[in-house]
Amino acid sequence: MDYKFREIEKKWQDHWAEIKAYKVSNISEKPKCYVLDMFPYPSGAGLHVGHPLGYISSDIYSRYKRLKGFNVLHPMGYDAFGLPAEQYAIEHGIHPEISTENNINNFRAQLDKIGFSYDWDREVNTSKPEYYKWTQWIFLQLFNSWFNRSAKKAEPIATLVKIFETEGSTTINIFTAQQWIAFSEKEQQTILMNFRLAYCGIGEVNWCEALGTVLANDEVVNGVSERGGHPVVKKKLRQWYLRITEYADRLLEGLQTVDFSDAMKEMQTNWIGKSIGAEIQFEISNSKFRMTVYTTRPDTIFGVDFMVIAPELDWIHEVVSTEQKQAVEEYLIYVKSRSDRERQAEKKISGVFTGAYAVNPFDGREIPIWISEYVLAGYGTGAIMAVPCGDERDFKFANHFGIPITNILGDAFNGTEPNATKDAILTNSDFLNGMVLRDAIKVVVNKLEEMGIGTRKTNFRMRDAAFSRQRYWGEPFPITWQDGVAFPLGETELPLTLPKVESYSPGPEGEGPLANIPEWVAKELETNTMPGYAGSSWYFLRYMDPHNTDAFASRQATDYWNQVDLYIGGTEHAVGHLLYSRMWTKAMYDLGFIGFDEPFKKLLNQGMITGESAFANLIGVTFAKNLKVEFTEEDEKNYLEIKDKYTIIRGKYISSDLVEFLKTAYYKIDNEVEAAHMETRGKILSYLLEGLDADIKLSNLVGKIEMSPFPMTFVNYKIRVPIEYVNSKNELDYERLKLEIRQFINSDFLSQSGNFICSREIEKMSKSKLNVVNPNDIIEKYGADTFRMYEMFLGPVDQSKPWDTKGIEGVHRFLKKLWRLFYDDVKGKVWNDGKATQDELKILHRTIKKIEEDTERFSFNTAVSAFMVCVNDLADSKCNKKEILEQVLILLTPYAPHISEELWAALGNIGLVIDATFPKFEAKYVTESSKEYPISINGKVRANITISLDAEQAAVEQIVLANETVQKWLEGKAPKKIIFVKNRMINIVP
RNA sequence: GCCUUGGUGGUGGAAUUGGUAGACACGCAGGACUUAAAAUCCUGUUCGCCGCAAUGCGAGUGCGGGUUCGAUUCCCGCCUGAGGCACCA
């Protein structure tokens, strides 16, 4: 009887679905365990073999926990709102709801084939009104709250109003209680907006013209949009924001209570970017104006040689001198002309002197004030005190403009490079002389505070998160505008459903498509929609109680399931989703809706599965396009346009071995170089232009190249070819390629041996890179159990690794070998009721221990190996005993559920193996009563000795001491030290 | 430049963190069964040397040092891959 995995897997998947084997209840005596995957965005491309890596890991862990007696919540859903579906709608005219639905069905079909233990009754879809009703509701809670800095928590806005009514305000806005009461409704609302956790304001945002929307900071990478790579510019717009900066400190503190990787904590810490320093006020000569700078190094105050302010600051005009006015104006125009992109790409030193001087408060020295684009307006006060002897950028700036540098570091500063140390001893620093910089910080700040011109100040790099998009496919804001004041909709009016639209093009003045709908505008509803991360910031709560119509989830449910015990997903969400959901959780906690303030107890980052891409070398000749080159008819036919600027004529694909050959020809030494060079070029040229035989005479070629009437260069492009056309020896099946793919239909493939060799490169798996492997294909060929185990066997989950289908045979063989412990091709059933021997029990219990340990520490690859060892050992000892096999099946269930279920049933068990109990490890079967130990002297093995394990170290010492041979080895001396090494060796130190 | 991680056979990776390096698997080589193929099984496989033989000899975890009876593991200095941050004062 064969291992018919297709039949078996279908049968059990259907059965599990039918009886809802994975349905989980919120009421249970068992301890709970919440295992969560980062839910996918259902893209049109479907899943590739990289996606399920994390899903399989979490599935193994939740199945394992279930066997261990836990009530396990393991749900799945879809992050369905977002830009790509809308872009697709614009291009193809298909409503996002339809394409999303299709994609979800496709995802679901792929997921179902892998045999996951999700409770599908809890599926969520963020784009369904039943779901986003509660996204809107939570938004309203944020809108109706403020962050009380003294209590360090969010509170209902009503408490703030009460404070204003009784005490007035001394923070962001300054007014008395009487004034507050006298304010109009509109004035009051405008003030309150400055405090709300979700607020609307005018601000500089990242505007992406191509996408027609703003983007959050983490959605912009190197000045272009993360999705699509379109340019992003700064623009002032009315926007919704989340006041995440208020939570900066708590987001940092919270990191200490969660189990995230160091790298992840580091990334979040950097993103938040807390820095502790001071603000210092400087007087300006001949002006009443005072400037304030932010610095983390007040200790270097005597090393300040100039000030730099950001070009955007409006007080520039207050201080600029008449002589410098023109130069400053010119510089400001120059700065305006530079995009963010340019500023980031080329960091050139530029700046202009304002003609004004600040005064050092301690020694009265006059310090020139400069303007430069390297100082950012948005951070600190937008002005810095520059200390060139201690700061790289200040040093470069000083050198560039010839500003003299004061050395306050003594020998620690050599004049040629700045030194940012805090451990040097100060010189040229008046009352600080002789002090270590580190210690001087406090002294200076104290003095500044005393003088009333400085304060301690903490700054964060993180900004408030832009929370609105001028797009269609997102949650509508439950907000109406009346006379410029935002009013929340009432709870009974939720959900505010997304209306159908005819067109997805933007509305007037940078507004979203919703602004094109008259009824929408008539109701004065907000026309922006929420960003992609709104729905994903709280979805883990909805799984707890997904069908609740009275609340986002009942308090009883959130109290029971509590934090996510294990959260698995990629690192790419480090500063986006993971920060936002942490913030939402904290706010919900503060407002009393849930009982925990960190959502994820443990985070496991799965590594990327990379693909191997194949490339063929395309060699051709390029001409500058603006040159007039006459093409023959033949050339036109083979004309291939690679890039805008260049044209390749008669490009030919050259096998890698030929490329090597041509390269070596190029690199011949001495006077042969030039000749070889020419020869190489000549050969290529003749291939390409003349179609001649390569062995053309050298003299001819030299002439040809020199006589070339136009500038040309040889180019070697690497052209992707689909990986499935390349075999394991890197040979390309170009005949098939030419037949099946249009791009290559007229291409020539040249090689030395007749086998066309491609080069390979490891890159991210993606459709555009022609290197994706679809899990469906693998499952069709080997089955889901093999697929699951192989994904785990590839290597540690958190490490990125290349997908290589070759090795899958080994895992498949393992499952077949396991099958043969139960069924023989000839004899049929071979298992028996025999009593297990000591050796067989040893194999079993060793495996139990190993699987338990490895699963607990997420070392799934070594667990798979342990199964292989176990089955090899059982096969070697011809053990077909039911007693042993049954236990092995339970262990295997999380990893290969289908085959385990099938064989479990075959053994005549009643009930499912997924409901079995994880076997208990018993040491007595594994440990021995006595063992042979090697005795070594200084690590060199000299003899073996058998001792009882109870003997422990003392016994060993006696045995060894008594041994004449040992004494002889040591020349009669007593050993200095005897080391008993963990069940392994006895080492004697003479 | 800064931060975080890695570097082990032909390949993916073990070694549960100071104790017999290379488990397990792929690949490769040889063999058995077969008319043949597939499937399956067996043997070998870190490198080098000696040999009829082996429980033989030597080297070996990116490179160079150090601590230790003993180092893939700890310390110092380099080289290098990957990821993140990057005018944040």
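Just so it is clear: chains get the letters A, B, ... in the order the sequence lines come, proteins before strands, and each one is counted from 1.
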Integer angstrom distance from the [atom1] of [N] to that of [M]:
N     : M     : atom1 : result
B/G70 : B/U61 : P     : 16 Å
B/A86 : B/G77 : C1'   : 27 Å
B/U46 : B/A54 : P     : 16 Å
B/G10 : B/U4  : P     : 32 Å
B/C87 : B/C2  : P     : 16 Å
B/C26 : B/G44 : P     : 16 Å
B/G12 : B/C79 : P     : 25 Å
B/G27 : B/G62 : P     : 27 Å

Going by atom types only, do [X] and [Y] share a side-chain donor-acceptor pair under 3.5 Å?
X        : Y        : answer
A/Ser350 : A/Tyr331 : yes
A/Tyr374 : A/Asp394 : yes
A/Thr862 : A/Ser859 : yes
A/Thr571 : A/Asn605 : no

Looking at [options], which one has an atom nearest to any side-chain atom of [X]?
X        : options             : result
A/Val869 : B/U16, B/A89, B/C24 : B/C24
A/Arg857 : B/A15, B/C85, B/C42 : B/A15
A/Ile384 : B/A89, B/A25, B/U16 : B/A89
A/Val375 : B/A25, B/A89, B/U5  : B/A89
A/Lys801 : B/C41, B/A89, B/G13 : B/G13
A/Tyr294 : B/G13, B/U5, B/A89  : B/A89
A/Ala263 : B/A14, B/A89, B/U4  : B/U4
A/Glu266 : B/U4, B/C24, B/A14  : B/U4
A/Thr295 : B/A14, B/A89, B/U4  : B/A89
A/Met267 : B/A23, B/G84, B/A15 : B/G84

[N] [atom2] sits how many Å from [X] [atom1], rounded?
X        : N     : atom1 : atom2 : value
A/Tyr895 : B/C24 : OH    : P     : 18 Å
A/Lys806 : B/C28 : NZ    : P     : 9 Å
A/Glu392 : B/C85 : CD    : C1'   : 16 Å
A/Phe260 : B/C3  : CZ    : P     : 23 Å
A/Lys878 : B/U40 : NZ    : C1'   : 13 Å
A/Met385 : B/C87 : CE    : P     : 21 Å
A/Arg297 : B/A89 : CZ    : P     : 11 Å
A/Asp394 : B/A89 : CG    : C1'   : 7 Å

For [N] and [X] - does any side-chain N or O of the residue sit under 4.0 Å from the phosphate oxygens OP1/OP2?
X        : N     : result
A/Arg820 : B/C41 : yes
A/Lys816 : B/U40 : yes
A/Ser800 : B/G83 : no
A/Tyr379 : B/A89 : yes
A/Arg813 : B/C26 : yes
A/Asn270 : B/C2  : no

List for me each residue that meets side-chain contact (heavy atoms from CB on, under 4.5 Å) alongside A/Asn880, sequence neighbours excluded, and say none if there are none. A/Leu821, A/Val830, A/Asn832

Under the rule for side-chain contact (heavy atoms from CB on, under 4.5 Å), what residues qualify as partners of A/Asn414, not counting sequence neighbours? A/Thr416, A/Glu417

Please list, by residue number, the residues of residues 300-309 of chain A whose heavy atoms come closer than 4.0 Å to an atom of RNA chain B; answer none if no residue qualifies. none

Show which side-chain atoms of residues 273-282 of chain A pair as donor or acceptor with protein atoms under 3.5 Å away, not counting sequence neighbours.
from	atom 1	to	atom 2	distance (Å)
A/Lys274	NZ	A/Asp249	OD1	2.7
A/Ser275	OG	A/Tyr294	OH	3.0
A/Ser275	OG	A/Tyr379	OH	2.9
A/Gln281	OE1	A/Arg290	NH1	2.7

Once ring-ring contact (aromatic ring centres under 6.0 Å, His included) is applied, do any residues pair with A/Trp271, and if so which ones, sequence neighbours excluded? none

Listed by chain and number, what are the ring-ring contact (aromatic ring centres under 6.0 Å, His included) partners of A/Phe793, not counting sequence neighbours? none

Under 4.0 angstrom, heavy atoms only, what part of the nucleic acid is [X] near: base, sugar-phosphate, or nothing?
X        : value
A/Gln799 : sugar-phosphate
A/Asn872 : sugar-phosphate
A/Asn861 : sugar-phosphate

Counting only Watson-Crick pairs (N1-N3 plus N6-O4 or O6-N4) and G-U wobbles (N1-O2, O6-N3), all under 3.5 Å, who is the partner of B/U11? B/A25

Hey, which of these two, A/Pro796 or A/Val811, hits RNA chain B nearer its 5' end, going by closest nucleotide? A/Pro796

The residue, A/Gly380 or A/Leu794, whose nearest nucleotide of RNA chain B is more 5′ is A/Leu794

Audit row: A/Glu853, A/Lys849, salt bridge (charged side-chain N to carboxylate O under 4.0 Å, His left out) steps and yes/no: CA-CA 6 Å; A/Glu853 283 172 358; A/Lys849 184 159 187 264; 3.6 Å; yes

